[in-house]
Amino acid sequence: MKALVLSGGAGTRLRPFSHSMPKQLIPVANKPVLEHVLDNIVAAGVTDIGVIVGGWESEITAVLGDGSRLGARLTYLRQDSPLGLAHCVSVARDFLGDDDFVMYLGDCMLVEGVTEAAEEFARTRPPAHVIVHKVADPSAFGVVEMDPDGTVRRLVEKPKDARSELALTGVYFFTPEIHRAIDSIEASARGELEITDAIQWLVTDGAEVRASQYHGYWKDTGRIDDVLECNRKLLDGMVRRIDGDVDDPAALGGAVVVEPGARVVRSRIEGPAIVGAGTTVEDCTIGPHTSVGRDCVLRNSRLDYSIVLDGAEIHRAGRLHGSVIGRSAVVGPVTDDSGRQRLVIGDHSRVQVAG
């Protein structure tokens, strides 16, 4: 079985961060979402992976390389225009050949992995097998109506009056039958080839389509609040590890990771939290559920439940909560002409100052 990972989207809901980096490279627990996706696929025993890329191709290939670091072999496939998920399968047709494959959206986090679903698909091999998750607002998702035995009866994209609470998670297993279905559908009203239409075509044609419900933690990391929440979830599973330098006045409590080359000076860090390699933290208080990336500088500041991307600097910033600081951004006070100080925030950040 092969895999097809979709990472060509523009990420409009993640702006301003997606102005300077692809949404799939936004870090969660100091690792890009896309790497978490690839780890799940490799853990399921699939190592031959095609990656759909768009305008951020060079940035994604620079991070992932040939995939050997992750135990995979990556083939990059260009989609020049966002013409739908089913169109991505058409773009990858030569790569996929006549193999079964798993298609995985590159911004979806299924923390407990997809190994169980992959094994079920390998045993039964229906033309399509989708993973679903119960949601509070089905109208925001593709929704699956299914029988108790897992047989799919109908798929509806973003229904106004949903008859099911089971949403598509962004992970699909297919046999080569899906290519015939895609060849048989037309573009939707928004001009895209919808994968839900292709799967529904299989259902209507009498093919067996199955679904399995995912009961673990699932998050579509398409919004900043979702990224922060997912970061919290992953940090909760960390184990304390101190590989950098921590001076005697510093105090570290709980599951704190200090990566090699990082320095913690006269600071208090309450875990779960992570300080990336090469980062300096001086005279700071860092609260739980905070990830600080590589080569950052934090001085005289307080922050919690936040993400700081690589190369950022934070100086005398008060208390930041629920914030995401962009790559190489600078956050700190300046004095204006009237002598008052105000907090200046660099580009591509979302900062919330707590009282």
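Here Arg294 contributes atom CZ and Thr279 contributes atom OG1; the two are 8.5 Å apart, rounded to the nearest 0.5 Å. The distance from atom CG of Leu228 to atom OG1 of Thr221, rounded to the nearest 0.5 Å, is 11.5 Å. Separation of atoms CD1 (Ile325) and CD1 (Ile314) is listed at 4.5 Å; rounding is to 0.5 Å. Annotation: the span from Gln79 atom CD to His87 atom NE2 amounts to 5.5 Å, rounded to 0.5 Å. From Thr75, atom OG1 reaches atom CZ of Phe95 across 5.0 Å, with rounding to the nearest 0.5 Å. With values rounded to the nearest 0.5 angstrom, Asp107 atom CG is found 11.0 Å from Cys230 atom SG.
A distance-only check finds no donor-acceptor pair linking the side chain of His133 to the backbone of Trp218 [under 3.5 Å]. Not a single donor-acceptor pair under 3.5 Å links the side chain of Tyr214 to the backbone N or O of Ala117. When atom types are taken as modelled, the side chain of Ser267 and the backbone of Thr285 share no donor-acceptor pair closer than 3.5 angstrom. In this structure, the side chain of Ser90 does not engage the main chain of Cys88 through any donor-acceptor pair within 3.5 Å. Between the side chain of Asp197 and the main chain of Ile185, no donor-acceptor pair closer than 3.5 Å is present. A donor-acceptor contact shorter than 3.5 Å links the side chain of Arg78 to the backbone of Gly54. A donor-acceptor pair under 3.5 Å is formed between the side chain of Ser301 and the backbone N or O of Arg316. Of the possible donor and acceptor atoms, one in the side chain of Ser164 sits under 3.5 Å from a partner among the backbone N and O of Leu166. A donor-acceptor pair is defined here as one N or O able to donate and one able to accept, closer than 3.5 Å; no such pair exists between the side chain of Asn231 and the backbone of Val28. At distances below 3.5 Å, not a single donor-acceptor pair connects side-chain atoms of Asp205 with backbone N or O atoms of Ala207.
Between Arg73 and Asp48 there is a salt bridge, since at least one side-chain N of the basic residue sits less than 4.0 Å from a carboxylate O of the acidic one. With respect to the salt-bridge test (charged N to carboxylate O, under 4.0 angstrom), the residues Arg266 and Asp283 qualify. Salt-bridge formation is detected for the pair Arg319/Asp304: a Lys NZ or Arg NE/NH1/NH2 atom is positioned less than 4.0 Å from an Asp or Glu carboxylate oxygen. Arg163 has no carboxylate O lying under 4.0 Å from a charged side-chain N of Asp161, or vice versa, which leaves the two without a salt bridge. Taking 4.0 Å as the cut-off between side-chain N and carboxylate O, Glu229 and Arg223 do not count as a salt-bridged pair. Electrostatic pairing of Arg263 and Glu282 counts as a salt bridge here, judged by a charged N lying under 4.0 Å from a carboxylate O.
Leu252 and Val265 fall into different hydrophobic clusters, where Ile, Leu, Val, Met, Phe, Trp and Tyr side chains are chained together by heavy-atom contacts under 4.5 Å. If you chain together hydrophobic residues whose side chains sit under 4.5 Å apart, Val114 and Ile49 fall into the same group. Residues Val281 and Leu235 fall into different hydrophobic clusters, defined by Ile, Leu, Val, Met, Phe, Trp and Tyr side chains chained together at heavy-atom separations under 4.5 Å. Under the 4.5 Å side-chain contact rule for hydrophobic residues, Leu38 and Tyr217 share a cluster. Both Trp201 and Ile199 are part of a single hydrophobic cluster, where members link through side-chain heavy atoms under 4.5 Å apart.
Taking each heavy atom of Phe101 and Leu4 in turn, the nearest pair found is CD1-CB, 4.3 Å. Scanning all heavy atoms of the two residues, the minimum distance from Leu70 to Val42 falls at O-CG2, 3.7 Å. Taking both residues in full, the closest heavy atoms of Glu157 and Thr196 are given as OE1-CG2, 3.2 Å, listed atom of the first, atom of the second, then distance. Across every non-hydrogen atom of Lys2 and Asp99, the tightest pair is CE-OD2, 3.0 Å. For Val308 against Ala312, the heavy-atom pair with the smallest separation is CG1-CB, 3.6 Å. Nearest heavy atoms, Ser291 versus Asn30: CB-OD1, 3.4 Å.
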Give the C-alpha distance, both sets of side-chain angles, the deciding distance and a yes or no for side chain to side chain contact (heavy atoms under 4.5 Å, CB included) between Leu298 and Leu303.
-> CA-CA 10 Å; Leu298 280 63; Leu303 67 157; 3.7 Å; yes
List the steps and the verdict of side chain to side chain contact (heavy atoms under 4.5 Å, CB included) for Lys31 and Leu234.
-> CA-CA 10 Å; Lys31 184 163 72 171; Leu234 265 69; over 6 Å; no
Applying side chain to side chain contact (heavy atoms under 4.5 Å, CB included), run through Val324 and Val227 and close with a yes or a no.
-> CA-CA 9 Å; Val324 180; Val227 173; 5.6 Å; no
Checking side chain to side chain contact (heavy atoms under 4.5 Å, CB included) for the pair Gln24/Val37: CA distance, chi angles, key distance, verdict?
-> CA-CA 9 Å; Gln24 297 84 5; Val37 167; over 6 Å; no
Under the salt bridge (charged side-chain N to carboxylate O under 4.0 Å, His left out) criterion, do Glu177 and Arg180 qualify, and how do the steps go?
-> CA-CA 6 Å; Glu177 275 293 292; Arg180 183 169 66 93; 2.8 Å; yes
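At most 12 non-hydrogen atoms from other residues, nucleotides or ligands lie less than 6.0 angstrom from CD of Glu116. Atom CG of Asp147 has more than 12 neighbouring heavy atoms from other residues, nucleotides or ligands inside a 6.0 Å radius. Annotation for Asp149: atom CG counts as buried by contact number, over 12 foreign heavy atoms lying within 6.0 Å. A 6.0 Å sphere centred on NZ of Lys158 holds more than 12 heavy atoms belonging to other residues, nucleotides or ligands.
Side-chain contact between Arg210 and Thr151: present, with at least one pair of heavy atoms (C-beta onward) separated by less than 4.5 Å. Side-chain contact between His179 and Asp98: absent, with no pair of heavy atoms (C-beta onward) separated by less than 4.5 Å. Using a 4.5 Å heavy-atom threshold, the side chains of Glu120 and His129 count as touching. A heavy-atom distance below 4.5 Å is not found between the side chains of Asp243 and Glu259. Residues Ile26 and Pro32 are not in side-chain contact: their nearest non-hydrogen atoms beyond the backbone lie 4.5 Å or more apart. Between Asp220 and Asp226, the closest side-chain pair of non-hydrogen atoms is not below 4.5 Å.
Gln200 and Thr204 share a donor-acceptor pair across their side chains, judged by distance under 3.5 Å alone.
The residue from Val33, Leu105, Leu34, Leu25 that alone fulfils the side chain to side chain contact (heavy atoms under 4.5 Å, CB included) condition with Ser7 is Leu34. Of the residues listed (Phe121, Tyr172, Tyr104, Phe173), the one engaging Ile131 in a side chain to side chain contact (heavy atoms under 4.5 Å, CB included) is Phe173, and it is the only one.
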